[in-house]
Structures are given as C-alpha cells and as structure tokens.
2 protein chains.
Amino acid sequence: MTGGKLSPKGGSGSKGTGRAGKSPTRSTYRHGDLRRALLEAGIELARQGGPEAVVLREATRRAGVVPNAAYRHFSSREALLAAVRSSALSFLAQAMEAELDRIATISRVDDRARAMLRAVGTGYLNFAFAETGLFRMAFAPLEGVRTPGDATEPPDPANAGKSGLNPFQLLGSALDAMVSAGALPAARRPAAEFLAWSGVHGLAMLVIDGPLRGLPPTQVDALGQRVIDMVEKGL
Amino acid sequence: MTGGKLSPKGGSGSKGTGRAGKSPTRSTYRHGDLRRALLEAGIELARQGGPEAVVLREATRRAGVVPNAAYRHFSSREALLAAVRSSALSFLAQAMEAELDRIATISRVDDRARAMLRAVGTGYLNFAFAETGLFRMAFAPLEGVRTPGDATEPPDPANAGKSGLNPFQLLGSALDAMVSAGALPAARRPAAEFLAWSGVHGLAMLVIDGPLRGLPPTQVDALGQRVIDMVEKGL
DNA sequence: GTGTATTGTGGACACCGTCCACAACGGCTA
DNA sequence: TAGCCGTTGTGGACGGTGTCCACAATACAC
C-alpha cells in the first residue's frame, strides 16, 4: 500500500542534492528530502494564510507522507513554524536588498545614506504588502523562539538575505551609513534602530490586519512614503 | 441587553446575577446571563494568552455549561472573539482616557494639545505593555470582522471608553486639538492620524512579540517616549 | 394551565497535534 | 555476500478542538 499516490505536486524543486539514483518505480518509503519538502509546503501554506495556516498534517499531506513522519525532522509543529519563519525573514531581507540594489549608483555619500534608509523601509513595506502571509509569519509570536535583532542571540544566517545580513542588520547598516555621512548624530544612533523599525512595522501591521486593512494600494504606498518621511525627519 | 461596562479586572460574582427567584438548589438549567459569563471568561482567557488562548470550550467550562450552550449566544468562536476584542478595545480606550485625565489641568492651548497627543500615545503603550494579551486581542486578525478606525464602518460604541470615543477617535481628537492650536498644519492632519498610530503601534508590536521582546520595562518606557518624540517631530 | 419559543444537554463528526510500537529501508561491517 | 543496526516512514491511538443535530428543560404568554 505504500505505492499509493505520488505527490501531486511536482514539488521536488531543484534539489541537486546528489541523492537520486533510486528506481522511482519502487516504494517511496524513503522520501529523499522530506525535511525540505515539509519546509516548502510550510512556506506555501504560510504564504497564503499566515502562521495559523501552517498545519502540520497538511504539510505532510502535501509531501505525500503520513503525519507522524514530520516528527523525524521537526520535534513539533512549533519547530516547523520556526523554520518557516526563518525562510520568511530571509525573503524579507531579500526584498530589502532588492530595493537597495536600485540605488546602488548614487555616489554622494549623504544622498546615498538617506536613500539607503528609504530603500530599506520601502523594501520592508513592499514585502509586507505583497507577501502578507509570509510577513505575518516572520513576526508571529512563537513561544520558545525569538526573532533576530534580539541582541541576546547571535544572528542566525538562515534569516539572512543574499548579502548575509538579516532585516535588522540591513537597517543597521543604513543607519551606520547615515552616521558616517553626518546625516544622523552618533548619539541618536542606538535608539534610531528601534524608532525607524517601529514606524515602518506599525504601518505594516495596521494595514495588514488592523484598521487600515483594505486600503487601496496606491494610498498604502503613499502612506508608506509619508511614514518614511516621518522617520527620517523625526529620528 | 449588556448592562454596564465590564471592568478590565476579573470576575464579577458568578451566579446571582440579578435573576434569582429560583431556588439555587434546583437545576441551573437556566444560567441567567450566559452571554455575559462567556464574554468575561473570554476576556480572562485573552488577558493571559492572547487571542489564541480564547478557546470556546474552555470558556463554557468556566461558565459551568456544556460547550454547545455557547452557540445560543455566539454563532461561532469567531463571534466570541469579536466580542472579546470589542471589550479589549474599550479597555484600551479607557487606558488612554486615564492618561488624558492626568493632563486635564493644562490651560495653554498649544501646550495642552501637544500634551494630549503624548498622553494618548503613552496610554496606548502603557496598555500594550501592561495588558499584552488583551492588546494582542484588540488587533488580532479576525477573518470577517474589522477594527474600528476603519472609515467604511460606523464606530461601534462597544469599543469606546467612558468618553464614548474609541481609541482611534481619541487620537483624532488630540490631533484636532493640535490643528486648532496651530501646532499642526491642517494639510497634514489627515495622514497624521495614521502616521502617529503607526509609530506607536509598531513599537508595541516589536516589544510584545517581535525582536524587542524581553526588553526591561524602564528601557521600554524610554523608547516609548522617544517614539512619541519622533512622531511629534515628524508629523 | 397549556402551548411555544428560548436556552441548555447529549452525542456525534472531522480535524488537529502528538505519542507509541512496528516495519521498511540503506549503509556498515564481517 | 550476509547480516546487523540506525534512520526514516507507517499504523493506530489518545485527548483536544470547533461545530452540527436532535432532544429536553425551562420561562413566558395566552
């Protein structure tokens, strides 16, 4: 009965994990890379539906495997959630990096520093509005686990974008640039990290599931720029 | 139907809710005010544990009633959640009003207007940090229901504080005062509503279950004032 | 006092996360 | 080549959840 259903998803996705080589006609008792498959299913679930949609049994279903199999790779649902969150944070970092790339050509240092701050904020908001589920996942309360930016823990590379920096660190580097450029007094630097994040994060939350939900995208974007103005001016 | 406002602190007397007349030794088939009891249980659950802790069966258990009984008063768990959220928003409004009361004596109009803005923000943050669970509940994503401040719906009095204003309206009145006092250009007034809220709300979220979780209260308070500074300056 | 709408009960269903014992497999060692 | 053994997936079960249905007890209106 093991031969039952093949996974409807073509879902193997890249891999290149050297494995393969087994005759696929035989039983799929050994999945190959179940952990990866579960993670990807989890990400997909989170994308549409946020954290509460990441249901362990559904993930295993999509991986074509019995529910308990998940426990060979994740000690609990929480653990799967934590892994999905790491991916979500990494995606967020990438969205911020993408925006940073667009301003890479600016040469004047202070212009550039300010542009970096704006880019970081814009990328953050873009991601929040385009990938609502993943964004919610990135900041879901997780019981035992913390979010990066927490000074008490070393940054986890799994949360980083291509530059190797996580979202919090990307913001930090923009602020550093502003200090270097003389656009931000060094004394204000430490708190600035949290102030800037607060403004942008708050807008994201209010739009996603707060009172501003359903605001037309053009208005949301405009509001986003206004918030960034406020941060820039108020730091 | 619902009598006076519920108090943020826990339980009123269980039975004997006005009804009486029946010998209490007899069966408690008729509960008296089950809806109220369920709501209060829900509030208590939300207080410690936030929205996800508001479990329908547990609420009925606390009310001393079988699970299905809840469905005579709430069409679903979501509906109970929505009611609890209304209470949470009302408590939030009261916390903001409490802070407003403290500055009621200021007479110079522009001083007063600015103080109102700060009071509103401070009350908001105080509540968020003192009543984490209820605050999370107030802004939980609820599927079919919206949060007040949404312009598409008339304000629900159930969300209001003693002044009859909900949190969003309290902020609005502070901003109106600032415009009247000449402390805020009228042109900036409309967006100001959302900018101010974003800053404060973002900090609350980051501290509650984001990267700033676990920050010592004194630092949190300091950060709160800094955020309010930023808002005041950046509006 | 009798009828009727309201409100709580009892039992069931599907779904969830999780635990346990067991079976299939792959790779190591002899 | 044969056998072992640790890893990984299976099967079945348990307690928990939200929700549906039919039914019983009650309060109230006539």
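Throughout, a chain's letter reflects where its sequence line sits, starting with A, and its residues are numbered from 1.
In this structure, the nucleotide among C/dT18, D/dG18, D/dT8 sitting nearest to the side chain of A/H73 is D/dT8. Nearest to the side chain of B/L56, among D/dG9, D/dG18, C/dC19, sits D/dG18. Comparing C/dT18, C/dG17, D/dT17 against the side chain of A/P67 picks out C/dT18 as the nearest. Taking only side-chain atoms of B/V66, from C-beta outward, the nucleotide of C/dG17, C/dC19, C/dT9 with the closest atom is C/dT9. For B/V55, counting side-chain heavy atoms from C-beta on, the closest listed nucleotide (D/dG18, C/dT9, C/dT18) is D/dG18.
A donor-acceptor contact under 3.5 Å is formed by the side chain of B/R72 with the base of C/dG8. Judged by distance alone with a 3.5 Å cut-off, a donor-acceptor contact links the side chain of A/N68 to the base of D/dG12.
Residue-level contact check: A/R35 touches neither bases nor backbone, having no heavy atom under 4.0 Å from any strand.
One interatomic measurement links the two molecules: CZ of B/R57 to P of C/dA12, which rounds to 14 Å at whole-angstrom precision. In this structure, A/R61 atom CZ and D/dT10 atom P are separated by 14 Å, rounded to whole Å. If you measure from atom CG of A/L80 to atom P of C/dC16, you get 14 Å, rounded to the nearest angstrom. Taking atom CG of residue B/L45 and atom P of nucleotide D/dT17, one finds them 10 Å apart after rounding to whole Å. Atom pair A/L38:CG and D/dT8:C1' shows a separation of 12 Å (rounding to whole Å applied). Atom-to-atom, CG of B/D33 to P of D/dA27 comes out at 15 Å; the value is rounded to the nearest Å. Atom CD of B/E58 and atom P of D/dT17 are 7 Å apart (whole Å). Atom pair B/F74:CZ and C/dT7:P shows a separation of 13 Å (rounding to whole Å applied).
At least one side-chain nitrogen or oxygen of A/Y71 sits closer than 4.0 Å to the OP1 or OP2 atom of C/dT18.
One N or O on the side chain of B/S198 and one on the backbone of B/F194 form a donor-acceptor pair closer than 3.5 Å. Remark: side-chain polar atoms of A/R226 are not paired, donor with acceptor, to backbone N or O of B/L195 under 3.5 angstrom.
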Could you walk me through whether A/R136 and A/E52 pass the salt bridge (charged side-chain N to carboxylate O under 4.0 Å, His left out) check? CA-CA 10 Å; A/R136 296 228 333 273; A/E52 61 273 14; 2.5 Å; yes
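By the 30° and 60° cut-offs, the orientation of the rings of A/F135 relative to A/Y124 is perpendicular. Ring geometry, B/W197 versus B/F139: the interplanar angle exceeds 60°, so the pair is classed perpendicular (tilted spans 30 to 60°).
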